[in-house]
Amino acid sequence: TRRPSQDSQESQIVEEKIVKINGEIEIKSYSKGRFLGKGGFARVYELLSLDAKQITAAKIISKSALNKARSRQKLMSEIKIHRALKHPNIVGFEHFFEDSENVYILLELCSNQTLNELLRRRKRLTEIEAQCYLLQCIEGLKYLHSHRIIHRDIKLGNLFLNDKMQLKIGDFGLATKLEFDGEKKRTICGTPNYIAPEVLDGKIGHSYEVDIWSTGVLGYTLLVGKPPFETSDVKTTYRRIKMNAYSFPENIPVSDEAKDLISSILVSNPADRPNLDEILKHDFFSKNAIPKLLPASTLAVPPSSSYLRQF
Ligand SMILES: CC[C@@H]1C(=O)N(C)c2cncnc2N1C1CCCC1
């Protein structure tokens with residue numbers, strides 16, 4: 001009997017057909033679990049591999065959605081870049097395969113969602129939490145940039161938290177790999193949330209500095225509770241970015257070190273921004289001891305004063 005919730009074309013078992021080198025066919029079976037949501041063209045489910053008993057977050061993309069060369073090309077670029085990465089602050093790329101209907105991308109399950117949901121619940125974070133998350137994001141970016149990869153869409157919704165509360169950079173749909181040092185990228189597709197002025201400008205190319213810009217926007221957003229240039233309409237936001245028009249609200253306590261660091265990053269000329277190592281040397285990251293990981297209780301409430309006393 002079919003479960004009432006199961007609609008006709010979606011089956012609960014996924015089978016991967018593997019043709020071995022000696023011509024034998026091996027079938028790997030997976031069981032589809034909870035629906036996690038939509039990500040781009042994909043419907044995302046928890047997926048349990050029935051042999052290794054490993055559970056992943058599976059992006060299931062129907063091939064019919066990939067008929068346009070552009071979207072197929074984008075997906076192949078995302079897979080090509082992401083599958084080569086391995087770092088504690090980068091979402092793990094477990095496996096990918098296809099069957100007659102779909103392409104399946106199996107990613108590290110991050111059961112504590114993203115910083116987007118966290119900030120929606122908490123409104124804004126304490127300085128020690130912002131330090132902890134920014135530090136992990138910068139470690140992940142150091143790894144990406146050392147492999148000549150620019151993420152280009154660092155935003156709350158692409159920063160995932162796994163069950164251990166580790167921060168993981170995800171979604172490489174807008175990422176690009178530079179072929180040589182000094183290469184400048186000109187085009188950018190999609191609507192990155194924390195777009196850097198030089199990308200909007202379009203005259204000069206852009207490079208790693210766009211990810212640096214995003215860490216400034218991220219720091220401001222975590223501490224203030226909303227992005228620095230956000231307005232009700234995109235065109236006005238872009239104008240504010242080009243004008244570098246942002247300020248810290250009087251009524252929200254942000255430390256001098258935080259303001260100084262964020263202001264040094266959110267500068268229009270990419271060449272004037274600090275690099276990742278310079279950012280890590282800033283007083284903001286050395287003024288107090290920073291926890292490697294935060295307790296899961298902070299998903300709902302600020303860290304308790306007794307917890308903070310140890311730092
Ligand atoms: C698989 C897509 C995306 C993701 O990239 N990861 C790593 C992830 C990992 N774990 C849970 N969800 C994840 N998501 C969510 C699913 C719905 C929207 C974004």
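For clarity, every value in this text was computed on a predicted model and none was experimentally measured.
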message: Measuring from atom CD1 of Ile149 to atom NE2 of His82, what distance do you get when rounded to the nearest 0.5 angstrom?
response: 9.5 Å

query: Going by the angle between their ring planes, with limits at 30° and 60°, are Phe93 and Phe96 parallel, tilted or perpendicular?
result: perpendicular

- prompt: Are the side chain of Arg121 and the backbone N or O of Leu299 linked by a donor-acceptor pair below 3.5 Å?
  reply: yes

message: Counting neighbours of NZ on Lys53 that are heavy atoms of other residues, nucleotides or ligands and sit closer than 6.0 Å, is the number greater than 12?
response: yes

- prompt: Is a side-chain N or O of Arg273 found less than 3.5 angstrom from the main chain of Ser268, in a donor-acceptor match?
  reply: yes

task: Apply side-chain hydrogen bond (donor to acceptor under 3.5 Å, both in side chains) to Asp260 and His282, showing your working.
output: CA-CA 9 Å; Asp260 184 72; His282 192 278; 2.7 Å; yes

statement: Separation between OG (Ser31) and CG (Leu48), nearest 0.5 Å, reads 5.5 Å

query: Would you say the side-chain atoms of His147 pair up with the backbone N or O of Tyr143, donor to acceptor, closer than 3.5 Å?
result: yes

- request: Please check if any side-chain donor atom of Gln131 sits under 3.5 Å from a side-chain acceptor atom of Asn288, or the reverse.
  value: yes

field: CZ/Arg72: more than 12 non-hydrogen atoms of other groups inside 6.0 Å
entry: no

field: Check against side-chain hydrogen bond (donor to acceptor under 3.5 Å, both in side chains), Glu94 and Thr56
entry: CA-CA 8 Å; Glu94 306 300 336; Thr56 58; over 6 Å; no

message: Testing the basics here: between Asp211 and His151, what is the closest heavy-atom pair and its distance to 0.1 Å?
response: OD2-N, 2.8 Å

message: So if I apply the side-chain contact (heavy atoms from CB on, under 4.5 Å) rule between Ile195 and each of Phe229, Trp213, Tyr238, which one comes out positive?
response: Tyr238

query: Tell me, do Thr221 and Leu156 make a side-chain contact under 4.5 Å, heavy atoms counted?
result: yes

- request: Please indicate whether Lys184 has more than 12 foreign heavy atoms, meaning atoms of other residues, nucleotides or ligands, lying under 6.0 Å from its NZ.
  value: yes

task: Look at atom NZ of Lys287 and say whether more than 12 heavy atoms of other residues, nucleotides or ligands are closer to it than 6.0 Å.
output: yes

- prompt: For Lys63, does the NZ atom sit with more than 12 other heavy atoms under 6.0 Å from it, leaving out its own atoms?
  reply: yes

field: Thr298 backbone acceptor or donor facing Arg122 side chain under 3.5 Å
entry: yes

message: Would the distance check show the side chain of Glu117 and the main-chain N or O of Gln113 forming a donor-acceptor pair, the cut-off being under 3.5 Å?
response: no

message: I'd like to know if the side chain of Lys185 reaches the main chain of Thr176, judged simply by a donor and an acceptor atom lying under 3.5 Å from each other, with no hydrogens or angles considered.
response: no

task: Examine distances only and state if a side-chain atom of Glu230 and a backbone atom of Pro227 form a donor-acceptor pair shorter than 3.5 Å.
output: no

- prompt: Can you name the closest pair of heavy atoms from Cys132 and Pro291 and give their distance?
  reply: SG-O, 3.3 Å

message: Working to the nearest 0.5 angstrom, can you tell me the gap between Ile79 CD1 and Lys74 NZ?
response: 12.5 Å

query: Do you know which of Gln136, His87, Glu108 makes side chain to side chain donor-acceptor pair (under 3.5 Å) with Lys168?
result: Glu108

message: Set out, in order, the CA-CA distance, both residues' side-chain angles and the distance that settles ring pair (Phe, Tyr, Trp, His ring centres under 6.0 Å) for Phe248 and Tyr220, then state yes or no.
response: CA-CA 8 Å; Phe248 291 92; Tyr220 181 103; 5.2 Å; yes

- prompt: Between Ile25 and Ile18, is a side-chain contact (heavy atoms from CB on, under 4.5 Å) present by the stated rule, with each step listed?
  reply: CA-CA 6 Å; Ile25 303 277; Ile18 298 157; over 6 Å; no

message: Please evaluate residues Phe41 and Ser71 with respect to the criterion side-chain contact (heavy atoms from CB on, under 4.5 Å), reporting the C-alpha separation (whole Å), side-chain torsions for both, the decisive distance (0.1 Å), and the verdict.
response: CA-CA 9 Å; Phe41 289 121; Ser71 49; 3.5 Å; yes

message: Using the rule given for side-chain hydrogen bond (donor to acceptor under 3.5 Å, both in side chains), can you reason through Glu16 versus Tyr30, listing the C-alpha separation, both sets of side-chain angles and the distance that settles it, and then say yes or no?
response: CA-CA 8 Å; Glu16 177 187 6; Tyr30 303 83; 2.8 Å; yes

field: NZ or CZ of Lys32 within 45° of Tyr45 ring axis and under 6.0 Å
entry: yes

message: Whether the side chain of Ser207 engages the backbone of Glu209 through a donor-acceptor N/O pair (distance < 3.5 Å, no angle test) should be reported.
response: no

- request: Grab the two heavy atoms, one from Glu257 and one from Asp283, that are nearest each other, plus how far apart they are.
  value: CG-CB, 3.8 Å

task: For residues Cys137 and Leu159, report the shortest heavy-atom separation together with the two atoms involved.
output: SG-CD2, 4.1 Å

- prompt: What distance separates Asn275 CG from Ile265 CD1, expressed to the nearest 0.5 Å?
  reply: 10.5 Å

- prompt: To the nearest 0.5 Å, what is the distance between OG (Ser264) and CD1 (Ile279)?
  reply: 6.5 Å

Under 3.5 Å: donor-acceptor pair, side chain of Asn158, backbone of Asp153: yes

message: Let's go through Tyr104 and Asp99 carefully: what are the C-alpha distance in whole Å and the side-chain angles of both, what is the deciding distance for side-chain hydrogen bond (donor to acceptor under 3.5 Å, both in side chains) to 0.1 Å, and is it a yes or a no?
response: CA-CA 8 Å; Tyr104 301 83; Asp99 64 14; 2.5 Å; yes

- prompt: Which pair of heavy atoms, one from Phe284 and one from Leu261, lies closest together, and at what distance?
  reply: CD2-CD2, 3.7 Å

- prompt: Which distance, rounded to the nearest 0.5 Å, do you find between the NZ of Lys155 and the OG of Ser214?
  reply: 11.0 Å

- prompt: Which pair of heavy atoms, one from Gly219 and one from Leu134, lies closest together, and at what distance?
  reply: CA-CD1, 3.7 Å

message: Run the side-chain contact (heavy atoms from CB on, under 4.5 Å) test on Glu26 and Lys17 for me, step by step, so that the C-alpha distance in whole Å, both residues' side-chain angles and the decisive distance to 0.1 Å come before the verdict.
response: CA-CA 6 Å; Glu26 182 193 344; Lys17 190 182 287 188; over 6 Å; no

message: Which label fits His95 and Phe97: parallel for a plane angle under 30°, tilted from 30 to 60°, or perpendicular past 60°?
response: tilted

query: Okay, side chain of Ser304, backbone of Tyr307: is any donor-acceptor separation there less than 3.5 Å?
result: yes

- prompt: Has Arg34 got more than 12 heavy atoms of other residues, nucleotides or ligands less than 6.0 Å from its CZ?
  reply: no

